[in-house]
Chemist: 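Below is one structure. I have some questions about it.
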There are 2 protein chains.
Amino acid sequence: MINLLSNLKISVPEKIFLKDPESSKLGKRIIEHGILLIEEIGFDSFTFKKLGVKIGSNESSIYRYFESKHKLLLYLTSWYWAWIEYQLVFATHNISDEKLQLEKAIEIVTRSIKEDSTFLHINEVILNRIIINEYSKSYLTKEVDAENKEGYFVIYKRLVTRLRDMIVKINPKYTYASSLASTIIEGALHQHFLKDHFKSITDCDTTTTPTQFFTDLTFNTLR
Amino acid sequence: MINLLSNLKISVPEKIFLKDPESSKLGKRIIEHGILLIEEIGFDSFTFKKLGVKIGSNESSIYRYFESKHKLLLYLTSWYWAWIEYQLVFATHNISDEKLQLEKAIEIVTRSIKEDSTFLHINEVILNRIIINEYSKSYLTKEVDAENKEGYFVIYKRLVTRLRDMIVKINPKYTYASSLASTIIEGALHQHFLKDHFKSITDCDTTTTPTQFFTDLTFNTLR
DNA sequence: TTTAATTGATAGTAATACTGTTATATTTGC
DNA sequence: GCAAATATAACAGTATTACTATCAATTAAA
């Protein structure tokens, strides 16, 4: 994965940012340390002022890249899902067996990230933890319909759709392909959260993974 | 349901509040209009000051009932899950057929609330919408482990456990009963959200319900 | 090297999330 | 029915948040 992606840029809907953080050194520092600080203190306590202190830069400079911390979260989540989508497409496109293909796809969308290797300034392991803990907050807002119209969630929706299409290929008669696909992706994040904080209501732990659970669930349902 | 519950009090872990809102007229007004205001402007914009204005009462008076708006949310969510748990226990305890019992249980935890009838000052229809839109925010915090230790999530966990036990009864060999139970409950909220805001990634709409999807999913998996 | 663009420093504002104090109601116990 | 206890309202005050605006200092591009 490392070399394959070295000159590839993950693209995020342009309206999310005021100025592309990939276009400058400061922008990249905002992303890099934004990820680290959100993971460290949580999104709710995170402020641009604190991030400014951390990167030795000014609060107002950060505002020139993102209107608000909410937009920064939208940027990070879009980036993350685009990255997952890339992996999904890349890892499944040359698998001819449709069952194996869906199996691989489920693995990619449900696994936890263990290696930080692909992009220089983005720690994917920590970003994955942010997605687990904060992703819901990006859409559970009163502005969700307006922001959806602006295209802020296209990447996520496209990912779900790709998974749905693979489900349909396996069993075209199955009535709930979209719901199953969205349940797998959202549900995996939830199971990862539960294994870290509410162990009593999940079977996932160090030996059993969300991937196993959702693979079993999917193929039992589609058979 | 109306008469049966008329002298029943839903009980919420005591540490959540400073003073029991059920113990006074002001307390009940806080709950009643808190629900309405959170639904109206969203939890993120909701403040005790605004609620004070709405109920013609003082901000500092509300603080004598709840430490913070986060605690109010914990109160409302605990109340909601306790109410669902009551319905689950009540509606399933005299069903001897285990399959029918689980079917009923899934219906209760996944359906959307259409009637506001049981408790005078609590609008369950609107509370259900709040749960769909805001429940995740009650646990996706840096304080979740500390608050879990304090018992703030016991009711929710007990509900998931009850559903898990019914799943186990149907198929004792199934390995993922806890994960399936937590996926049904959390996943249903998510599907309700999707049908309102991201229609393209769900099959649920006016004719197809989350209940149908999760019933089908569960029994296909356990068979 | 001049100009343009970017960043940093500083100031300022309205709102948030509280805490504290004191006065005024309201309830309760006798 | 009245005093004492309790609850609520009104007001003041604080640190922080989530920005916006202005202008000076750097840095990059033509």
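Remember, predicted model here, so these are calculated numbers, not experimental data. Letters A, B, ... are given to chains in the order of the sequence lines, protein chains preceding strands, and every chain is numbered from 1.
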Chemist: How many whole angstroms separate atom CD1 of A/Ile55 from atom P of C/dA9?
Modeler: 12 Å
Chemist: To the nearest angstrom, how far is B/Phe48 atom CZ from C/dT16 atom C1'?
Modeler: 12 Å
Chemist: Pick one: which of A/Tyr80, A/Trp79, A/Trp81 meets ring-ring contact (aromatic ring centres under 6.0 Å, His included) with A/Tyr156?
Modeler: A/Trp81
Chemist: Is a side-chain donor-acceptor pair under 3.5 Å present for A/Ser24 with A/Tyr65?
Modeler: yes
Chemist: Looking at A/Ser178 and B/Ser200, what are the two nearest heavy atoms and their distance?
Modeler: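 Of all heavy-atom pairs spanning A/Ser178 and B/Ser200, the closest is OG-O, 4.1 Å.
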Chemist: Give the residues of residues 68-75 of chain A touching DNA chain D, defined as any heavy atom closer than 4.0 Å, sorted by residue number.
Modeler: A/Ser68, A/Lys69
Chemist: With a 4.0 Å cutoff (strictly under), does any side-chain N or O of B/Tyr65 reach OP1 or OP2 of D/dT8?
Modeler: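 Yes, within the criterion.
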Chemist: Do A/Trp83 and A/Glu124 have side chains that get closer than 4.5 Å, going by heavy atoms?
Modeler: yes
Chemist: Under 4.0 Å between a Lys/Arg side-chain N and an Asp/Glu carboxylate O for B/Glu40 and B/Lys50?
Modeler: no
Chemist: Nearest-Å distance, CZ (B/Phe66) to P (C/dC18)?
Modeler: 14 Å
Chemist: What pairs with A/Arg64 under salt bridge (charged side-chain N to carboxylate O under 4.0 Å, His left out), at least two apart in sequence or on another chain?
Modeler: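 With sequence neighbours excluded, A/Arg64 shows a salt bridge (charged side-chain N to carboxylate O under 4.0 Å, His left out) to no residue whatsoever.
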Chemist: Hey, is NZ on A/Lys54 packed in by over 12 heavy atoms from elsewhere, all under 6.0 Å?
Modeler: yes
Chemist: Side-chain contact test, heavy atoms from C-beta onward, threshold under 4.5 Å: evaluate it for B/Leu18 versus B/Glu67 and give yes or no.
Modeler: yes
Chemist: With a 4.0 Å cutoff (strictly under), does any side-chain N or O of B/Ser57 reach OP1 or OP2 of D/dA9?
Modeler: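 Yes, because at least one side-chain N or O of B/Ser57 sits under 4.0 Å from OP1 or OP2 of D/dA9.
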Chemist: Using a 4.0 Å cut-off on protein heavy atoms (strictly under), produce a 5'-to-3' string for nucleotides 25-30 of chain D with B for base contact, S for backbone-only sugar-phosphate contact, and - for none.
Modeler: ------
Chemist: Contact list please: residues 140-153 of chain B against DNA chain D, heavy atoms, distance less than 4.0 Å, in numerical order.
Modeler: none
Chemist: Near DNA chain D, under 4.0 Å by heavy atom, which residues of residues 17-36 of chain B?
Modeler: B/Lys19, B/Ser24, B/Leu26
Chemist: Who passes salt bridge (charged side-chain N to carboxylate O under 4.0 Å, His left out) against A/Asp44, sequence neighbours left out?
Modeler: A/Lys137
Chemist: Could you check if a side-chain atom of B/Leu217 sits within less than 4.5 angstrom of a side-chain atom of A/Tyr176, using non-hydrogen atoms only?
Modeler: no
Chemist: Under the side chain to side chain contact (heavy atoms under 4.5 Å, CB included) test, which residues partner A/Val53, sequence neighbours left out?
Modeler: none
Chemist: Suppose we screen for salt bridge (charged side-chain N to carboxylate O under 4.0 Å, His left out). Which residues come up paired with A/Glu143, at least two apart in sequence or across chains?
Modeler: none
Chemist: Which class fits the ring pair A/Phe66 and A/Phe17: parallel under 30°, tilted 30 to 60°, perpendicular over 60°?
Modeler: perpendicular
Chemist: Flag the pair A/Leu74 / A/Glu147 as yes when at least one side-chain heavy-atom distance between them is below 4.5 Å, and no otherwise.
Modeler: yes
Chemist: Between A/Glu107 and A/Arg111, does any NZ, NE, NH1 or NH2 come within less than 4.0 Å of an OD or OE carboxylate oxygen?
Modeler: yes
Chemist: Going through the distances and angles, do A/Val125 and A/Asn128 end up as a side chain to side chain contact (heavy atoms under 4.5 Å, CB included)?
Modeler: CA-CA 5 Å; A/Val125 177; A/Asn128 174 239; 5.8 Å; no
Chemist: Round to the nearest Å and state the distance from B/Tyr63 atom OH to D/dG13 atom C1'.
Modeler: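 Value for this atom pair: 14 Å.
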Chemist: Using rotation axes that map the C1' atoms of four end pairs onto the next four (five pairs an end), what angle separates the end axes of the helix from C/dT1-D/dA30 to C/dC30-D/dG1, to 10°?
Modeler: 30°
Chemist: Would the distance check show the side chain of A/Asn148 and the main-chain N or O of A/Val144 forming a donor-acceptor pair, the cut-off being under 3.5 Å?
Modeler: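 It does not hold such a pair.
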Chemist: Sorted by first residue and then second, give each ring pair (Phe, Tyr, Trp, His ring centres under 6.0 Å) pair with at least one member in residues 27-55 of chain B; sequence neighbours left out.
Modeler: B/Phe48-B/Tyr63
Chemist: Tell me, do B/Leu140 and A/Ile132 make a side-chain contact under 4.5 Å, heavy atoms counted?
Modeler: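 No, their side chains stay 4.5 Å or more apart.
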Chemist: When you look at B/Gln212 and B/Thr215, which way does the side-chain hydrogen bond (donor to acceptor under 3.5 Å, both in side chains) test go after all the steps?
Modeler: CA-CA 5 Å; B/Gln212 290 171 284; B/Thr215 304; over 6 Å; no
Chemist: Assign a letter to each nucleotide of nucleotides 10-15 of chain C from its 5' end: B, base within under 4.0 Å of a protein heavy atom; S, sugar-phosphate only; -, no contact.
Modeler: B-----
Chemist: Please report, rounded to the nearest Å, how far the C1' atom of D/dA21 is from the CD1 atom of A/Ile62.
Modeler: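 In whole Å, D/dA21 C1' lies 17 Å from A/Ile62 CD1.
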Chemist: What class does the angle between the rings of A/His190 and A/Phe193 fall in, given that below 30° is parallel, 30 to 60° is tilted and above 60° is perpendicular?
Modeler: parallel
Chemist: Where do N or O atoms of nucleotides 22-29 of chain C meet protein N or O atoms at under 3.5 Å, pair by pair?
Modeler:
none

